[in-house]
S.K.: 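Could you have a look at this structure, given as structure tokens, before my questions?
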Amino acid sequence: KARACGHAPAILLLAEMRRTGTGLRRSKAKAFRLYLEAYRLNDVEAFNAVGNCYQKGLGVGKNPKKAREAFQKSADLGDPVGEFNVGLYEMDDPSYRKSPDKAIFWLDKAASHGSVPAMRTLIDLYGKGDHPAFRKKSAASLKELAFYYREALAKTGDPESLKIAADAYFNGTDVTKKNHETAALH
């Protein structure tokens with residue numbers, strides 16, 4: 001009944017049940033059609049699900065362009081999953097070699113909305129510092145940017161990041177020594 005009334009969460013639940021074969025016969029193609037039904041109702045989760053289907057070829061042929069369009073709809077509504085995926089698509093774009101600005105814009109938005117994968121990607125990106133555009137930045141500023149996202153990741157409770165941040169505060173590396181913050185992290 002909820003599906004007949006256009007209730008997107010119910011449609012998404014049915015799609016997941018179809019995709020996984022939980023309580024219904026497993027069918028990726030039928031799951032995709034259900035995701036599309038919720039997509040047409042402008043549901044953010046459906047935008048991500050449809051993007052994922054197009055990206056991985058689940059129940060439909062792989063189509064990176066349509067996947068990116070679906071993720072972009074989600075990102076435009078401030079959803080961190082969509083923002084993260086758009087950031088990854090920007091990293092795959094040929095223009096990324098010249099300038100990482102678009103990718104960093106979307107990854108930063110996702111990180112600021114709590115996306116742990118985006119934080120990890122930015123830590124890695126700044127930590128390696130091997131993008132041609134980063135040659136203009138000092139190693140210290142890249143390290144500082146990586147640590148900024150490491151701190152954000154630590155605030156999510158990530159054990160590895162908590163330890164790295166606490167050690168950095170305690171030892172005075174990467175940051176100015178702040179004993180009170182060390183105590184809070186330990």
Side-chain angles (χ1 to χ4, degrees), residues 1-97 100-128 149-150 152-163:
K1 285 185 175 186
R3 179 181 176 200
C5 294
H7 189 253
I11 297 167
L12 288 171
L13 180 59
L14 284 171
E16 279 300 301
M17 292 170 70
R18 278 283 183 206
R19 187 184 65 79
T20 61
T22 306
L24 295 171
R25 190 174 195 188
R26 185 177 180 176
S27 171
K28 291 178 185 174
K30 288 181 181 179
F32 176 72
R33 286 194 295 273
L34 287 165
Y35 287 134
L36 271 181
E37 191 176 325
Y39 180 96
R40 289 184 191 109
L41 295 171
N42 290 318
D43 184 88
V44 173
E45 285 184 49
F47 295 153
N48 291 323
V50 167
N52 192 45
C53 288
Y54 278 125
Q55 184 179 46
K56 296 178 181 174
L58 301 173
V60 66
K62 285 186 178 183
N63 188 328
K65 184 179 178 188
K66 285 187 177 183
R68 188 188 188 316
E69 288 171 5
F71 289 133
Q72 187 69 56
K73 282 187 163 214
S74 172
D76 289 341
L77 293 174
D79 181 69
V81 174
E83 293 166 343
F84 173 66
N85 282 300
V86 170
L88 292 181
Y89 271 96
E90 289 294 343
M91 288 178 79
D92 287 339
D93 191 273
S95 67
Y96 175 75
R97 289 306 302 159
D101 293 346
K102 286 183 185 176
I104 290 172
F105 171 81
W106 286 108
L107 292 170
D108 180 64
K109 278 188 84 152
S112 70
H113 289 133
S115 171
V116 168
M119 291 176 206
R120 290 187 191 285
T121 302
L122 288 162
I123 290 166
D124 189 50
L125 183 68
Y126 287 122
K128 287 181 180 174
Y149 292 104
R150 177 67 67 189
L153 188 55
K155 290 176 184 173
T156 70
D158 178 68
E160 178 188 3
S161 292
L162 282 166
K163 182 180 179 337

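Not measured: the values here are computed from a predicted model.
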S.K.: Lys128: what forms a side-chain contact (heavy atoms from CB on, under 4.5 Å) with it, not counting sequence neighbours?
M.R.: Asp124, Asp130

S.K.: Can you list everything that forms a ring-ring contact (aromatic ring centres under 6.0 Å, His included) with Phe47? Sequence neighbours excluded, please.
M.R.: Tyr39

S.K.: My understanding is that only residues two or more places apart in sequence, or in another chain, count here; which of them pass side-chain contact (heavy atoms from CB on, under 4.5 Å) with Leu153?
M.R.: Val116, Met119, Arg120, Ile123, Arg150, Thr156, Asp158, Ser161

S.K.: At their closest point, which heavy atom of Asn52 faces which heavy atom of Leu58, and how far apart are they?
M.R.: ND2-CD1, 4.0 Å

S.K.: How would you list, by chain and number, every residue that makes a salt bridge (charged side-chain N to carboxylate O under 4.0 Å, His left out) with Glu16, sequence neighbours excluded?
M.R.: Arg19

S.K.: Give a yes or no answer on whether the side chain of Thr121 reaches the backbone of Pro117 with a donor-acceptor pair at less than 3.5 Å.
M.R.: yes

S.K.: How many angstroms lie between atom CE of Met17 and atom OG1 of Thr22, to the nearest 0.5 angstrom?
M.R.: 7.0 Å

S.K.: Using salt bridge (charged side-chain N to carboxylate O under 4.0 Å, His left out) as the criterion, list what pairs up with Asp108, not counting sequence neighbours.
M.R.: none

S.K.: So, using side-chain contact (heavy atoms from CB on, under 4.5 Å) as the criterion, who are the partners of Lys66 when residues are at least two apart?
M.R.: Tyr54, Asn63, Glu69

S.K.: Roughly how far apart are Leu107 CG and Lys102 NZ, rounded to 0.5 Å?
M.R.: 14.0 Å

S.K.: Quick one: pull up CD in Glu37 and CG in Asp43 and give me the separation to the nearest 0.5 Å.
M.R.: 11.5 Å

S.K.: Could you go through residues 75-85 and list every donor-acceptor pair under 3.5 Å that involves a side-chain atom there, pairing it with any protein atom two or more places apart or in another chain?
M.R.:
residue	atom	partner	partner atom	Å
Asp76	OD1	Gln72	NE2	2.8
Asp79	OD2	Asn48	ND2	2.7
Asp79	OD2	Ser74	OG	3.0
Asp79	OD2	Val81	N	3.2
Asp79	OD2	Gly82	N	3.2
Glu83	OE1	Ala110	N	3.3
Glu83	OE1	His113	ND1	2.8
Glu83	OE2	His113	ND1	3.2
Asn85	ND2	Val81	O	2.9

S.K.: For Phe32 and Val50: C-alpha separation, side-chain torsions, deciding distance, then whether side-chain contact (heavy atoms from CB on, under 4.5 Å) applies.
M.R.: CA-CA 7 Å; Phe32 176 72; Val50 167; 4.2 Å; yes

S.K.: State, to 0.1 Å, how close Ala154 and Leu162 come at their nearest heavy-atom pair, and which atoms those are.
M.R.: O-CD2, 3.4 Å

S.K.: Can you see which heavy atom on Ala49 is nearest to which on Tyr35, and at what distance?
M.R.: CB-CD2, 3.4 Å

S.K.: Which residues pass the salt bridge (charged side-chain N to carboxylate O under 4.0 Å, His left out) test with Lys56, not counting sequence neighbours?
M.R.: none

S.K.: What are the two closest non-hydrogen atoms of Leu122 and Ala111, and how far apart are they?
M.R.: CD1-CB, 4.1 Å

S.K.: For Asp101, give me all partners under side chain to side chain donor-acceptor pair (under 3.5 Å), at least two apart in sequence or on another chain.
M.R.: Ser99

S.K.: What residues form a ring-ring contact (aromatic ring centres under 6.0 Å, His included) with Tyr89, not counting sequence neighbours?
M.R.: none

S.K.: Please give me the minimum heavy-atom distance between Gly87 and Ala103, naming the atom from each residue.
M.R.: O-CB, 3.7 Å

S.K.: Return the set of residues passing salt bridge (charged side-chain N to carboxylate O under 4.0 Å, His left out) with Glu90 (not counting sequence neighbours), or none when no residue passes.
M.R.: Arg68

S.K.: Enumerate the residue pairs fulfilling side-chain hydrogen bond (donor to acceptor under 3.5 Å, both in side chains) with a member in residues 24-34, sequence neighbours excluded, ordered by first and then second residue.
M.R.: none

